[in-house]
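Dropping a structure here in C-alpha cells format, bear with me for questions.
Below, chain A is the first sequence line, B the second, and so on; all start at residue 1.
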2 protein chains.
Amino acid sequence: MPTPHYGLPRYRVIADQLRERIENGAIPPGALLPAETALTAEFRASRGTIRQAIAALREAGLATTEHGRGTYANAYPDRFSDAQTRRREIAADAELAALFDVEVGATLVEHQSVTRTESKVETVMRVYRLRQTGP
Amino acid sequence: MPTPHYGLPRYRVIADQLRERIENGAIPPGALLPAETALTAEFRASRGTIRQAIAALREAGLATTEHGRGTYANAYPDRFSDAQTRRREIAADAELAALFDVEVGATLVEHQSVTRTESKVETVMRVYRLRQTGP
DNA sequence: AGAAATTTGTCCGTATGTATC
DNA sequence: AGATACATACGGACAAATTTC
C-alpha cells in the first residue's frame, strides 16, 4: 500500500473518530479504549499510526495512557452534561510556582471538573493557568 | 540489531544531549538543530528515534519544528525539570476524599501534563482517579 | 507464588508524500 | 527543477509493566 495522505493524515482521521466516541459517551470517562492491536485491526492501520492517533488524543487532554494497562478516556468537560465544573483562584504552591515561573503565593486560576457515572465520581480534573492580566 | 534499552531509552539520552547543547549555548536560541538525517549519522540511531527525541524537546518547550525547514532551538530553557507528563500516587486530602467518597489518605492516582507555548508554561492539568484494583 | 497472556514502550529499516530552499 | 528537510505510513522485533490464570 502506498502512502497517500491527501487532505488529513490517517492518524488524524482515526483520532477524530476516537474523539467522537469519547465525546458522545460511547467510551465513557474512565473506560479503557480498545487495545492498540484491536485498533490496528479495526482501522486497518499500522500500530505506529494508531499510536500517533492516541498521542494526539493525549495532547488534547482526552486520554491518559498507562504502560501495560491501556489508554483511558478522559472527560471532556465542555460537552458533558453530567460534569460539574468550578472555577476558583488559588495561591501557587512551590511546585506550581516553579512550573509557571512565578513567586510562591502568586494567584493562579484553577478550573475543576468532576465527572460522574451513576452518581459515582470517576475523575477529577484540575487545570491551572496564570490569571490573565488586563487587555 | 536488537533493542536493548536498559536504563534510559535511547531517544531520552539523545534528547538530553541535544538539550545540553541548547542550554549551554552550543546551539544558540533561534539556530537550527542539525537535520534529522545528520543526527541519525551522529547518534547511529534510526530516524524514528531521532524524531522521538526531537518531539521530547518540543514537549519540553526547548525546540520548534517547521516542515521543510528544520528545528529551531528556543530561548530560556534551563532549570525546568522536564516533567511534561507524570504519573504518581498521592494520598487523598479532605476535598478529594469527599469527592471520591473514600477516607482521607486513601491512594489516588494523579496524572499531570504540562503544555507550553514558546517554552512558557501555559497550563498544568491534573487528573485524579481512583486506583483500579478489582475487575 | 509463579507462569502465561495482554498491553504499551522502544527501536529498526524502508518507502513515499509534502514543504521549503 | 532539483536538492534538502520534515511528515506520514508500513512492518517487524524485542522490552517492560500489568493483569490473569
Partners passing side chain to side chain donor-acceptor pair (under 3.5 Å) against B:Y72 (at least two apart in sequence or in another chain):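 So B:Y72 forms no side chain to side chain donor-acceptor pair (under 3.5 Å) with any residue.
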Residue from B:L8, B:I50, B:L57, B:I54 passing side chain to side chain contact (heavy atoms under 4.5 Å, CB included) with B:I14: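 Exactly one option meets the side chain to side chain contact (heavy atoms under 4.5 Å, CB included) with B:I14, and it is B:I50.
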Distance, rounded to the nearest Å, where A:L32 contributes CG and D:dA17 contributes C1':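 Going from CG in A:L32 over to C1' in D:dA17 covers 14 Å.
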Spacing of B:E36 atom CD relative to C:dG17 atom P, expressed in whole Å: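 Atom-to-atom, B:E36 to C:dG17, this comes out as 18 Å.
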base_contact_polar (C:dT18 base, B:H67 side chain, donor-acceptor, <3.5 Å):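 Indeed, a donor on one side and an acceptor on the other fall under 3.5 Å apart.
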Polar side chain donor-acceptor pair, B:R58 to B:T65, under 3.5 angstrom: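 Yes - a donor-acceptor pair under 3.5 Å links their side chains.
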A:R88 side-chain N/O to A:Q112 backbone N/O, donor-acceptor pair under 3.5 Å: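 A pair under 3.5 Å: no.
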A:L8 CG - D:dA7 P separation (whole Å):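 Taking CG of A:L8 and P of D:dA7, I get 16 Å after rounding.
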Between C:dG9 (C1') and B:R12 (CZ): distance, integer Å: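 These atoms are roughly 13 Å apart.
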Nucleic acid contacts - residues 45-58 of chain A versus DNA chain C, non-hydrogen atoms under 4.0 Å: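 By residue number: A:R47, A:R51.
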Phosphate OP1/OP2 of C:dT6: any A:R69 side-chain N/O under 4.0 Å: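 Answer no for this pair, as no side-chain N or O of A:R69 is under 4.0 Å from OP1 or OP2.
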Between C1' of D:dC6 and CG of B:L33, the distance in whole Å: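 It is 13 Å, rounded to the nearest whole Å.
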Length of the OH-C1' vector between A:Y72 and C:dT7, whole Å: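 One finds 11 Å between C1' of C:dT7 and OH of A:Y72, rounded.
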Position toward the 5' end of DNA chain D (nearest nucleotide), B:E66 or B:R87: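 Here B:E66 is the residue nearer the 5' end.
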Exam field: side chain A:R69 to backbone A:L32, donor-acceptor pair closer than 3.5 Å: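 Looks like no, no N/O pair under 3.5 Å.
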Nearest listed nucleotide, side chain of B:Y11, among C:dC11, C:dG9, D:dC6: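 The answer is C:dC11, which lies nearest to the side chain.
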With sequence neighbours excluded, residues passing side chain to side chain donor-acceptor pair (under 3.5 Å) with B:E122: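 With sequence neighbours excluded, B:E122 shows a side chain to side chain donor-acceptor pair (under 3.5 Å) to B:T117, given in chain and number order.
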